[in-house]
Amino acid sequence: MREGYEGTGPGAITPDGCAVEHYARLPVGTEPDVVSAAVPAGAHILELGSGVGRVTHALLERGFTVTAVDESPDMLERVRGARTICSPIEDLDLGETFDVVMLASFLVHTGDVEVRRGMLRTCARHVAKDGYVLIQREGEDYHTDLPRERVDPSGYTVRILSAVPVGDGVNSVRAEYVYPDVAWTQTFLSRPLTKEQFEEALSEAGLRVDRYLTEDRIWVRAVRAGE
């Protein structure tokens, strides 16, 4: 388990506190729509932090080729139809490039600055010269509009209970996922980033924003700096 991360509930728990069974139950959201609208049809996508393949499988169905990376073998066991690689994102160096590199699940907000730098360097290292990096950011009120609750149409409830400052601009966030028959919790470290701080982090890794893909600026398309 990574320091500052914890998960409770039945089944395997990943090093960052994610419950594998919870993610296996989640329906696919709008991510495939965002990706499809932002990248060329049939692109080869390097999906960093693929989990159980919730988005992976939807992208495969849309004709993309996907290489799925996750540090949890328990997650990757659930992925079907894609090449899978078990590795921490910040350590990945495949010696090849991809049309699209995707860093979703708010991973860019990891509390450890060096891990974030490593993740963004991995993105820059693996994106083709004329390719795209797609990044999912947290919403601007994610750490302040608390507690909050959302009931998903599929039947489960997600609650973000608290975001407690633990120093150096990092918050310890506690989330709860409740189904009619089971519940899981996750505690994780997250560093809020303003638009300016986010763009500075990209620049440090040799990337720049090409455009924000959604009105809330949660989804971003980046390219190599100078391209």
Side-chain angles (χ1 to χ4, degrees), residues 1-7 11-24 26 28 31-32 35 39 43-60 64-129 131-138 170 186-191 193 198 201-202 204-207 219-224:
M1 193 67 63
R2 291 178 182 248
E3 185 177 354
Y5 293 75
E6 183 183 11
I13 304 292
T14 68
D16 59 355
C18 294
V20 174
E21 295 297 332
H22 161 57
Y23 280 89
L26 286 182
V28 67
E31 296 97 329
V35 174
V39 305
H44 190 171
I45 299 173
L46 177 65
E47 185 186 5
L48 302 175
S50 65
V52 296
R54 180 178 61 89
V55 176
T56 315
H57 298 143
L59 292 174
L60 291 170
F64 295 103
T65 300
V66 183
T67 294
V69 177
D70 203 279
E71 69 176 347
S72 167
D74 294 300
M75 288 284 198
L76 289 177
E77 281 181 2
R78 308 297 183 98
V79 176
R80 298 289 180 267
R83 171 192 179 195
T84 60
I85 296 171
C86 189
S87 171
I89 295 168
E90 63 270 26
D91 297 337
L92 188 70
D93 189 352
L94 298 178
E96 57 187 291
T97 59
F98 297 80
D99 304 318
V100 179
V101 178
M102 186 165 65
L103 184 69
S105 301
F106 316 122
L107 292 172
V108 73
H109 291 273
T110 181
D112 189 321
V113 171
E114 288 306 315
V115 171
R116 183 191 71 207
R117 286 172 174 158
M119 288 181 173
L120 290 176
R121 284 195 296 263
T122 293
C123 291
R125 183 163 54 242
H126 290 91
V127 67
K129 184 177 180 181
Y132 296 116
V133 177
L134 302 186
I135 300 172
Q136 185 183 27
R137 303 170 62 225
E138 291 179 339
V170 177
Q186 182 184 13
T187 302
F188 58 95
L189 300 179
S190 180
R191 180 183 298 275
L193 297 172
F198 168 72
L202 289 187
E204 186 182 40
L207 299 168
W219 278 96
V220 187
R221 189 172 73 182
V223 295
R224 288 184 177 185

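Here the straight-line distance linking atom OG1 of T65 with atom CG of L59 works out to 10.5 Å at 0.5 Å rounding. Of the inter-residue distances, the one linking T97 atom OG1 with H126 atom NE2 reads 9.0 Å to the nearest 0.5 angstrom.
The shortest distance between side-chain heavy atoms of T122 and M119 does not fall below 4.5 Å. You'll find the side chain of Y23 stays beyond 4.5 Å of the side chain of T14, heavy atoms only. Taking the side chain as every heavy atom from C-beta outward, Y5 and T187 never approach each other to under 4.5 Å. For the pair V79 and H57, the minimum side-chain heavy-atom distance is below 4.5 Å. Within the 4.5 Å cutoff, the side chain of V108 has heavy atoms near those of the L103 side chain. With contacts defined as side-chain heavy-atom distances shorter than 4.5 Å, the pair D99/V39 does not qualify.
Taking R121 as the reference, nothing meets the salt bridge (Lys or Arg N to Asp or Glu O under 4.0 Å) condition, with sequence neighbours excluded. The ring pair (Phe, Tyr, Trp, His ring centres under 6.0 Å) check on F188 picks up nothing, with sequence neighbours excluded. With sequence neighbours left out, the side chain to side chain donor-acceptor pair (under 3.5 Å) criterion links R80 to no other residue.
Contact detail for C18 and M75: the closest heavy-atom pair is CB-CE, 3.8 Å. Between A124 and A205, the shortest heavy-atom distance links the atoms CB-O, 3.3 Å. Among all heavy-atom pairs drawn from A24 and R78, the shortest one is CB-NH1, 3.4 Å. Taking every heavy atom of both residues into account, A58 and V28 meet most closely at CB-CG2, 3.9 Å.
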Apply the test side-chain contact (heavy atoms from CB on, under 4.5 Å) to residues L120 and I135: give CA-CA distance (whole Å), side-chain angles for both, the deciding distance (0.1 Å), then the verdict. CA-CA 10 Å; L120 290 176; I135 300 172; 4.0 Å; yes
Dump the intermediate steps for side-chain contact (heavy atoms from CB on, under 4.5 Å) on M1 and E6, then the final yes or no. CA-CA 7 Å; M1 193 67 63; E6 183 183 11; 5.5 Å; no
Before you tell me yes or no, could you show the steps for V223 and Y132 under side-chain contact (heavy atoms from CB on, under 4.5 Å), namely the whole-Å CA-CA distance, both residues' side-chain angles and the distance that decides it to 0.1 Å? CA-CA 5 Å; V223 295; Y132 296 116; 3.6 Å; yes
Please step through side-chain contact (heavy atoms from CB on, under 4.5 Å) for the pair M102 and V55, ending with a clear verdict. CA-CA 11 Å; M102 186 165 65; V55 176; 4.1 Å; yes
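Looking at R137, its side chain never comes within 3.5 Å of a backbone N or O of V220 through a donor-acceptor pair. The closest donor-acceptor contact from the side chain of E138 to the backbone of R191 lies at 3.5 Å or more, if one exists at all. The main-chain N or O of G7 is never found under 3.5 Å from a side-chain atom of Q186 such that the two would form a donor-acceptor pair.
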With a 3.5 Å cut-off and sequence neighbours excluded, list the donor-acceptor pairs that the side chains of residues 85-94 form with protein atoms.
residue : atom : partner : partner atom : Å
E90     : OE2  : R2      : NH1          : 3.4
E90     : OE2  : R2      : NH2          : 3.1
D93     : OD1  : G95     : N            : 3.4

List the atom pairs, donor and acceptor, that lie under 3.5 Å between side-chain atoms in residues 43-54 and the rest of the protein, sequence neighbours left out.
residue : atom : partner : partner atom : Å
H44     : NE2  : T67     : OG1          : 2.9
E47     : OE1  : T56     : OG1          : 2.5
R54     : NH1  : E31     : OE1          : 3.4
R54     : NH1  : E31     : OE2          : 3.4
R54     : NH2  : E31     : OE2          : 2.9

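Residue pairs meeting the ring-ring contact (aromatic ring centres under 6.0 Å, His included) criterion with at least one partner in residues 100-121, sequence neighbours excluded, are F106-Y142.
V133 pairs with exactly one of V100, L202, L207 by the side chain to side chain contact (heavy atoms under 4.5 Å, CB included) rule, that one being L207.
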